Amino acid sequence: MAFGKRLQDEQYDRRVKSLIISAAISFFFIILLISLINTQVRDASVNIRLSDANSMREVVVLPPRGSIYDRNGEVLARNRPSYSISVLPYKLRNRDKVIESLCKIRDANGEAVFDSLELTRQFRRAAQRRFDPTRIKEDVSIDVVSIVEEHFMELPGIIVQTEARREYPFGTAAFHVVGYMGEIPENEFDTLRHQDYYWGDLMGRAGLERQYEQVMRGRCGREYLEVNAFGKNIRPISHIPRIEPVYGHDLYTTLDIKLQLVAAKAFPDSLRGAVVALDPRSGEVLVMFSNPSVDPNIFSAATSVRGRTWAQVASDRSLPLNNRAIQGTYPPGSTFKPLSGIAGLSTGKITRDSRMPVSCAGSFRLGSRVARCHRPAGHGSVNYIAAQQHSCNVYFYQLGLRLGDENINRYARMFALGQVTGIDLPSERMGYLSGERAYNERFASRGWRWTQGLVMDLAIGQQQIFTPLQLALMVGAMGNGKHVYRPALLKEERNKDGILVSQRRPVVISTLDVDSASLAINRESLAAAVKPGGTGWRSAVPGIVVGGKTGSAQNPHGSESHALFIACAPYDDPVISIAVVVENAGGGGAVAAPIAGEVLRYFFSQTADGKAVFDKYNPEGLRPPVVRRPPPLPVTAVEEPINNE
């Protein structure tokens, strides 16, 4: 009996032990199964990638970026070869040892190429994207490349990349138009990675580089290379075909870079402002210069150089990154008087020979307000032509009262003022047309209301603000008398073989509803302003009749007024129109008109279009002189107001 019980207990113990062993074995098999599922199913893509990475690397093949040319084929932006040292974090074995090895590398001058603290920071940043190459040194010399290649066994995960960097031959002269390239910010990359961009890639950040980014960039290709355990490329993998990149297209612009250089040279270095010249027959922009400027080549330099320079540019209170030609907004001053004149002539409020009831004695009284003319002695009783020639404020005060703000603004809109022109550049500003409704809405919080006296300021251009580009469009349309064309910088787009892909056609943004007689009278007044005795005589071109208007606009942010000048030539059938704005410079006739004169004289003596027109008006073959502009007059200089506005 006792024996049987003992036997049963032993059998029971064996069953318990068997169950425990079976459960333990089952538990370990379950863990193994889960690990296998995780490895082969859940983490399959990562493990396959890691496996392939031991013998294969996917390399992005960047397409050559399209170049930018001026209208005569001069290169404004091109590519140059460059080498960068990058790190592949998943290939790193001993980060500290790699950093130590890199810090031993010296350049041709015996100076250390890498800094240990900077490398540590860059490696930590790169670790966030283990499979993406991250630059640790840009634009290195071939000597440094050779050293890295020779010591590849000591530098696992360190690779050399060949890439193109942007080069801008004309530097500051064309910066605001051409723009520059910059690395994609981290906060934008997650969106752009799905648009064929890669980590650390460059893209256009301003100007034409930004506007036509997709046109010039092309599409990346792919190539798969066999690599060794140290990450060094061995050969292309034969059974995986290479995906060829799609080349970016070249841009041929409307700019004339030689004319642009003339404007840049004529513009005083110490002053701020802009010069815009265009063809009023099509809207093609010939010159767009903004000062102060920046050398775009600094953005293609190595990170250390770029960082130092960028800090200076970003802290510059003169805002050199702003393109004042399309982003600067200024009161037009007396350059608006021809527009008021067209409104007066077209509505029958005045004729060519109309004289105002109150002669100019240096001021005009309306109620308790006394509005001054720029010439204290006054201009006496003048007709419309003389009022424009001498820029008589008193005449236009009375014309403004006759017209009212609605009539003035109706013609301003007709000439595309106070609105976005649609030029192919980013961040254009529209300006502002004042008037009773706009003024009351704008200053409602201050309790200000439109008064009759403000229309006098409106008529002489002291209530509204426009861009220099809008002023160039306005005076060009006054000359052609038919249309306002959308300004444009792109002329043609061509592929890598030079085959035409697309070509811009002129686009009308406004059709003028002005009778020919009014236009003819207004042109006559513009021509009178540039003749001897007129305020804009310094812009004259021998052999060509120039129509122009000076201006001196009040500046709420400085002691000196802004100097302005607009012109078109020839005045009755213009092939070029120009606007010059110089901030805080005083009189437009003394400062702005000479700049325009330099550009106009060069245009008619040195460019193909200008020469053809000059020969038409001067069949004897005489050439207009190209005169170097003398140093600008000091802003404190005293001269006759009749020639200074």
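Just so it is clear, the structure is predicted and the values come from calculations on it, not from any experiment.
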Problem set entry | Atom pair NZ/OH of Lys265 and Tyr602 - distance to nearest 0.5 Å | 11.0 Å
For this session: Take atom CZ of Arg429 as the centre, draw a 6.0 Å sphere, and report whether it contains more than 12 heavy atoms from other residues, nucleotides or ligands.
Result: no
For this session: Verify the distance criterion only: is there a donor paired with an acceptor across the side chains of Asp295 and Tyr168 at less than 3.5 Å?
Result: no
For this session: Would you mind reporting whether Met478 and Phe415 have side-chain heavy atoms less than 4.5 Å apart?
Result: yes
Exercise. Are Glu598 and Arg538 close enough for a salt bridge, meaning some N to O gap below 4.0 Å?
Worked result: no
Problem set entry | Gap separating the CZ atom of Phe603 from the CG atom of Leu286, nearest 0.5 angstrom | 6.0 Å
Problem set entry | Donor on one side chain, acceptor on other, Ser391 and Lys549, under 3.5 Å | yes
Problem set entry | Flag for Tyr485-Asp279: side-chain donor and acceptor within less than 3.5 Å | no
Exercise. How about His379 and His374: are their ring centroids closer than 6.0 Å?
Worked result: yes
Exercise. Out of curiosity, Phe604 CZ to Asp609 CG, how far, rounded to the nearest 0.5 Å?
Worked result: 10.0 Å
Exercise. How long is the span from the OG atom in Ser510 to the CZ atom in Arg413, to the nearest 0.5 Å?
Worked result: 11.5 Å
Exercise. Is there side-chain contact between Val514 and Tyr411, with at least one heavy-atom pair below 4.5 Å?
Worked result: yes
Exercise. What pairs meet the side chain to side chain donor-acceptor pair (under 3.5 Å) rule with one or both residues in residues 456-467, with sequence neighbours excluded?
Worked result: Arg369-Asp457, Ser434-Gln463
For this session: Please tell me if the side chains of Gln503 and Lys491 come closer than 4.5 Å, counting only heavy atoms from C-beta onward.
Result: no
For this session: Please list, chain by chain and in numerical order, all residues satisfying side-chain hydrogen bond (donor to acceptor under 3.5 Å, both in side chains) with Asn323, sequence neighbours excluded.
Result: none
For this session: Give the ring-plane orientation class for Tyr395 versus Tyr384, where under 30° counts as parallel, over 60° as perpendicular and anything between as tilted.
Result: tilted
